[in-house]
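The sequence lines fix the lettering, A, B, ..., with proteins before strands; numbering per chain opens at 1.
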2 protein chains.
Amino acid sequence: MTTIKDIARMADVSRTTVSRVLNESPAVSKEARERVHRIIEETGYIPSEHAKSLRTKKTKVIGVILPRLSTETTTRVVSGIDRELGKKGFQILLASSDLNINKEVEHIKLLESRRVDGIILLATNTLEPIKTAVSEAKVPVIVVGQEFPDAICLMYDDFRASYDLTNLFIKKGYKKIGLISVDEKDEAVGYWRKKGYIKALEEAGLPIEKSWQAEGAFTIESGYSAMKAIWEQSDTKPDSIVSATDRMAIGAADYLNDVGVAIPDDIGIAGFGASELSQYAKPALTTVDYYNEQGGIEAARILLEEMENPAVKKNKKNILKYGLIERNSL
Amino acid sequence: MTTIKDIARMADVSRTTVSRVLNESPAVSKEARERVHRIIEETGYIPSEHAKSLRTKKTKVIGVILPRLSTETTTRVVSGIDRELGKKGFQILLASSDLNINKEVEHIKLLESRRVDGIILLATNTLEPIKTAVSEAKVPVIVVGQEFPDAICLMYDDFRASYDLTNLFIKKGYKKIGLISVDEKDEAVGYWRKKGYIKALEEAGLPIEKSWQAEGAFTIESGYSAMKAIWEQSDTKPDSIVSATDRMAIGAADYLNDVGVAIPDDIGIAGFGASELSQYAKPALTTVDYYNEQGGIEAARILLEEMENPAVKKNKKNILKYGLIERNSL
DNA sequence: CTGTTAGCGCGTTCAA
DNA sequence: TTGAACGCGCTAACAG
């Protein structure tokens, strides 16, 4: 691999001069500049960002820790991050945790060892290990999707969104509203979405019936099973289902279809996430749009701000907007 | 930021010894090792991979260049790459080209400047600039999805897949088979899938009718428009449509639905990609599964092999498997 | 088992 | 306008 030294020798100047040309310093004679440029052209020399970073302490790389690559939500967020960061010449170093909680912590260390300028964590839980890892990190960390007490967070308003969505059910005249949720370790999706649902029911004086509730695990299949469980375990059936994710809603709809229950005539259903699937399902699924790509953009902006201007506004909590998309499943 | 030097001083040993501890060299006394470990623990010291790479010439990072993050195909491939590479301790540096052809070339340089150990290019075209950029790269590059003459490639068998799929139409008794394709700059999707379609029709002696063909641009909307164009421009209507992508097929189905044409009763349709959408569309879409995640895994393996053992089997072309998924749209 | 010395490829004083 | 010298944090060769 050719280095700055080689270029210097070939162009008959010092390394310093080559460095100056590379960094477009004006203090170089035209002749020297041209000679250097020519040699660089000929050799196809590419300066090492590594060596550069070693001096400058900046890598222009930020790390993104995510649960899985293969969900729409995460890819949209990452896409937003990438678009925003790309403008400023940053690149993304990926670290997928495969839903393995230990890995999230490891990845923070790993990214730090690579001296990333900052980290964006698409969080899936609020357990202690990851929270302390974030607090102890020596680079700025932005947490997306969950609330961490001592960190800069960017959260979806899961409680209010769920509350609003459930109220939409109520407005439409549904009385026996069931729920498919997920493990509460995922506070945002498991706990807050359930909480919003319950709050709305309470305020409306509607029954909160255990047998109309079941837990899934994000997948379509788990939604199918959860719906099946509800259907088989409930004495009087629910007349509608709030599903904590679109995919589980799709699975639930599949089950209902299999047992000959019509949507929305016999039962209403809605999800969260504004997935593509929700849009093209038949009937199209009512859902909550979290504007994930915008979320990624915001996360990137906040991180950039924090990197330029650290410690100014720590502990800040940012709440993202959301919107209800009414379609034909309700 | 604390460095190896600080640790050495605090543990009262030389930097070398610290380095040895870090790299688990056996040639360190138990006492020294423990002292160093303790100090590392206390300070939260994390070695700089940068400085390390500068010496060792290995970064344990590979670059992935992709058109857009937000398509199932790419995320599946990247997911496969990540899974396979993760096992060996590699990480992925992302470079998304936003479908901008110039950016692909830039990104190769950029990744080289970061001294990635290798590059996987999810290629979208076979134009000259990117081909020469790949040839001139100083690190191993694996090209996925397109055929580059002088590079190590991993290709889907688009021609045969399309040929097989079209023959499935023929077997089912369709006679007036139309096509929604894409720009032929994308050789794999645009050119070869069209070619396979034509070959099958020719062999069966079926008409190849221009007015049954239109070009989309991957999106659902463009599929809708393409179908509309076909429907409005053709005198006698086609009885079926091969769509070069699932998403365009979904769009086409939407249009047909809008004008009251029933699938599969009035017209048959099929796509490529085995997208989730295809599975949950009503009716479920017949499609070609390219096993993208497996493709990513293979790409990673080939790259690892090439990095360990360069120049042994250059110019190798690898063809990936595919499978037809028959559902209810035909 | 341990430390000294010498770079890796670059940016940055400081003098000239 | 230029270059020598130094250091970024680390590994590796060589002596001890």
Side-chain angles (χ1 to χ4, degrees), chain A residues 1-37 39-40 43-61 89 109-117 138-139, chain B residues 1-37 39-40 43-61 89 109-117 138-139:
Chain A
M1 183 80 40
T2 82
T3 77
I4 200 172
K5 207 166 151 189
D6 302 321
I7 305 297
R9 188 171 29 73
M10 296 170 75
D12 200 31
V13 292
S14 75
R15 295 174 325 196
T16 314
T17 301
V18 177
S19 174
R20 286 197 181 101
V21 173
L22 253 25
N23 295 291
E24 288 164 357
S25 154
V28 181
S29 70
K30 202 176 166 196
E31 301 89 62
R33 182 188 314 282
E34 279 167 1
R35 240 179 315 145
V36 170
H37 271 142
I39 301 288
I40 289 178
T43 53
Y45 163 70
I46 302 178
S48 158
E49 284 295 324
H50 263 95
K52 195 169 172 175
S53 304
L54 198 55
R55 292 260 4 182
T56 62
K57 307 290 181 197
K58 307 241 174 251
T59 55
K60 284 275 184 180
V61 172
K109 302 272 179 218
L110 192 56
L111 291 172
E112 285 195 276
S113 79
R114 299 212 185 279
R115 297 297 187 261
V116 295
D117 293 338
K138 294 181 191 65
V139 295
Chain B
M1 183 80 42
T2 81
T3 77
I4 199 171
K5 209 166 149 190
D6 302 322
I7 305 297
R9 188 171 30 74
M10 296 170 76
D12 199 34
V13 293
S14 73
R15 295 172 321 192
T16 315
T17 301
V18 177
S19 175
R20 286 196 182 105
V21 173
L22 254 23
N23 295 291
E24 289 165 354
S25 153
V28 181
S29 71
K30 202 176 165 198
E31 300 88 60
R33 182 188 314 281
E34 279 168 1
R35 243 181 311 148
V36 170
H37 270 142
I39 301 288
I40 289 178
T43 55
Y45 162 70
I46 302 178
S48 158
E49 284 295 324
H50 265 95
K52 191 169 173 175
S53 303
L54 197 55
R55 290 259 10 181
T56 61
K57 306 290 181 197
K58 308 239 174 255
T59 56
K60 283 278 186 176
V61 172
K109 302 273 179 217
L110 193 57
L111 291 172
E112 284 195 277
S113 80
R114 297 210 186 278
R115 298 295 188 263
V116 294
D117 292 339
K138 293 181 193 67
V139 295

Restricting to non-hydrogen atoms, name the atom on [X] and the atom on [Y] that form the minimum distance, rounded to 0.1 Å.
X	Y	result
B:Gly44	A:Lys138	O-NZ, 2.9 Å
B:Thr43	B:Met10	CG2-CE, 3.9 Å
A:Ala8	A:Ser14	CB-C, 3.7 Å
A:Ala11	A:Ile39	CB-CG1, 3.9 Å
A:Lys57	A:Leu54	NZ-O, 3.8 Å
A:Val116	A:Val139	O-CG1, 3.5 Å

Starting at [atom1] of [X] and ending at [atom2] of [N], how long is that distance when rounded to a whole Å?
X	N	atom1	atom2	value
B:Arg15	C:dC1	CZ	P	22 Å
B:Arg35	C:dC1	CZ	P	14 Å
A:Arg9	C:dG9	CZ	P	12 Å

Between which nucleotides of DNA chain D, read 5' to 3', does contact with chain A run, using atoms under 4.0 Å from its heavy atoms?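 Counting from the 5' end, contacts occupy D:dT1 to D:dG9.
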Using a 4.0 Å cut-off on heavy atoms, which residues in residues 24-31 of chain B reach DNA chain D? List them by number, or say none.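 Result for residues 24-31 of chain B: none.
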Of the residues in residues 47-56 of chain A, which ones touch DNA chain D at a heavy-atom distance under 4.0 Å?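 Here the set is A:Leu54, A:Arg55.
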I'd like to know if the side chain of [X] reaches the main chain of [Y], judged simply by a donor and an acceptor atom lying under 3.5 Å from each other, with no hydrogens or angles considered.
X	Y	result
A:Thr59	A:Arg115	yes
B:Arg33	B:Val28	yes
A:Ser113	B:Ser48	no

Return the [atom1] to [atom2] distance between [X] and [Y], rounded to the nearest 0.5 Å.
X	Y	atom1	atom2	value
B:Arg35	B:Ser29	CZ	OG	7.0 Å
A:Ile4	A:Leu22	CD1	CG	5.5 Å
B:His50	A:Glu49	NE2	CD	8.5 Å
A:Ile7	A:Ile40	CD1	CD1	5.5 Å

Listing time: all N or O pairs from protein to nucleotides 13-15 of chain C that are below 3.5 Å?
none

Compare side-chain N and O positions of A:Ser19 against OP1 and OP2 of C:dG11 and report whether any pair is under 4.0 Å apart.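 Checking A:Ser19 against C:dG11: at least one side-chain N or O falls below 4.0 Å of OP1 or OP2.
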Among residues two or more places apart or on two chains, list those pairs meeting salt bridge (charged side-chain N to carboxylate O under 4.0 Å, His left out) that have a residue in residues 7-18 of chain B.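 Sorted pair list: B:Asp6-B:Arg9.
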Check whether any side-chain heavy atom of A:Val61 sits under 4.5 Å from a side-chain heavy atom of B:Arg114, and report yes or no.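 They are in contact (side-chain heavy atoms under 4.5 Å apart), so the answer is yes.
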On DNA chain D, nearest-nucleotide positions of B:Met1 versus A:Ala32: which is more 5'?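 On the 5' side of the pair lies A:Ala32.
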Rounded to 10 degrees, the angle between the two terminal axes of the helix from C:dC1-D:dG16 to C:dA16-D:dT1, each from five pairs: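 Rounded value for the end-axis angle: 40°.
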Measure from the side chain of A:Ile4, starting at C-beta and using heavy atoms only, and say which of C:dG3, C:dC10, C:dC8 lies closest.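 Per side-chain heavy atoms of A:Ile4, the pick is C:dC10.
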